[in-house]
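Below is one structure, written out as structure tokens; the observations come after it.
Heavy-atom basis, side chains included; hydrogens, waters and symmetry copies ignored. The sequence lines fix the lettering, A, B, ..., with proteins before strands; numbering per chain opens at 1. Small disclaimer: the values here were computed from a predicted structure and weren't measured.
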2 protein chains.
Amino acid sequence: MSVVARLRGVGLRPTRQRVALARLLLEKGGRHITAEQLHGEARAAAVRVSLATVYNTLHQFTEAGLLREVIVDPGRSYFDTNTSEHHHFFDEGTGELLDIGADVVVSGLPLPPSGTQVHRLDIVVRVGPERR
Amino acid sequence: MSVVARLRGVGLRPTRQRVALARLLLEKGGRHITAEQLHGEARAAAVRVSLATVYNTLHQFTEAGLLREVIVDPGRSYFDTNTSEHHHFFDEGTGELLDIGADVVVSGLPLPPSGTQVHRLDIVVRVGPERR
DNA sequence: CAAGAGATAAGAATAATTCTAATCTGCGCT
DNA sequence: AGCGCAGATTAGAATTATTCTTATCTCTTG
Ligand SMILES: [Mn+2]
Ligand SMILES: [Mn+2]
Ligand SMILES: [Zn+2]
Ligand SMILES: [Zn+2]
């Protein structure tokens, strides 16, 4: 399905900026990207878009289910083009996120606190350079 | 062991500020606290300490293994007085962290990317108000 | 108790993000 | 095709959490 159709499908007007950002984000697979990085890619691709719009767009896309936010770094938000349920390796040195594609099973979890329900379960495996 | 002895044990001078913060943090169990919150508690307890020192101290305590940093919120760092291996419920509404005390078992994890080794594995179960 | 390394504090600086309010544009309607 | 306007974009200011700077203070050791 075209990017324009996907945007219409989630109720977002296919503006020049949203179409361009959606192309950068969604037409390659498995991306984990920050707002600054995406803004940089847009500029590199000669797409004129403000940083405010990049932030707006990332949040709207997330809201609409086209992206997922991954929280691994205090003070930096990553957005993930893989919206299926999955987990991550996070390299604290390079700041790189890597999908864990395999089926991971968690057992032994207690029930959530009463009055609350589980919204999401995130596993982050923090890795660093091998040292011995 | 006294707070002063614990500080000496990890090579930190027991200054007035560090002793007071350590008392607030370590003499009650199971705390998950931000720098601002701890600064507020210190002020409430008539401990004169600057916010910069609270940040310095939290990082030094973490470095020294007296605390653990928990990353669940972009733009806010939580520090955990429970330094044993454990996981968390995080209430996105209230910003509250709750320890998962039970033994949780994760199976099916692939090996870390080559050249890296696992430093830590964090599970965050994000919960919200029950809605139906 | 003097000296000096290390610690603290106030405020400036930084970084990521959000807000404001002015301008622009996609799109339904004629 | 042109109008009108809700919704979108923008530049820059504002906000928030955190870190940095540098002058002043205070533990520790002799
Ligand atoms: Mn956000
Ligand atoms: Mn930190
Ligand atoms: Zn991912
Ligand atoms: Zn905890």
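- Among residue pairs with one or both ends in residues 82-103 of chain A, those qualifying as salt bridge (Lys or Arg N to Asp or Glu O under 4.0 Å) are A/E92-A/R126; sequence neighbours excluded.
- Following rounding to the nearest Å, B/R8 (CZ) and C/dG6 (C1') show an atom-to-atom distance of 14 Å.
- Side-chain atoms of A/E69 and A/T62 include no donor-acceptor pair closer than 3.5 Å.
- Sequence neighbours left out, the pairs with a member in residues 30-39 of chain A that pass salt bridge (Lys or Arg N to Asp or Glu O under 4.0 Å) are A/R31-A/E41.
- Here the P atom of nucleotide C/dA13 and the OH atom of B/Y55 are 19 Å apart, to the nearest Å.
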Query raised in the report: When you check every protein heavy atom under 4.0 Å of nucleotides 6-13 of chain D, what one-letter string (B, S, -) results, 5' to 3'?
Result: BSSSBB--
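- Here the side chain of B/E27 pairs no donor or acceptor atom with the backbone of B/L24 at under 3.5 angstrom.
- For the side chain to side chain donor-acceptor pair (under 3.5 Å) condition, the pairs that include at least one residue of residues 5-26 of chain B, sequence neighbours left out, are B/R18-B/Q60.
- In the helix from C/dC1-D/dG30 to C/dT30-D/dA1, the terminal helix axes, each the rotation mapping four pairs' C1' atoms onto the next four within five end pairs, subtend 30°, rounded to 10°.
- In this structure, B/L58 CG and B/L25 CG are separated by 6.0 Å, a value rounded to the nearest 0.5 Å.
- Between D/dT18 and B/H59, no contact under 4.0 Å exists linking OP1 or OP2 to a side-chain N or O.
- Atom P of nucleotide C/dT17 and atom NE2 of A/H39 are separated by 13 Å, given to the nearest angstrom.
- With respect to A/H87, the side chain to side chain contact (heavy atoms under 4.5 Å, CB included) criterion is satisfied by exactly one of A/V70, A/V125, A/L98, A/L121: A/L121.
- One atom, CG of B/L7, and another, P of C/dG6, lie 17 Å apart when rounded to the nearest Å.
- Pairs of residues two or more places apart, or lying in two chains, that qualify as ring-ring contact (aromatic ring centres under 6.0 Å, His included) and include a residue from residues 5-53 of chain B are B/H32-B/H88.
- Nucleotide C/dT14 holds its P atom 17 Å from the CZ atom of A/R76, rounded to whole Å.
- As a whole-Å value, the separation of B/R43 CZ from C/dA9 P is 11 Å.
- When atom types are taken as modelled, the side chain of A/T57 and the backbone of A/T53 share a donor-acceptor pair closer than 3.5 angstrom.
- Rounding to whole angstrom units, CD of residue A/Q37 and C1' of C/dA16 are separated by 13 Å.
- Atom CD of B/E69 and atom P of D/dA17 are 15 Å apart (whole Å).
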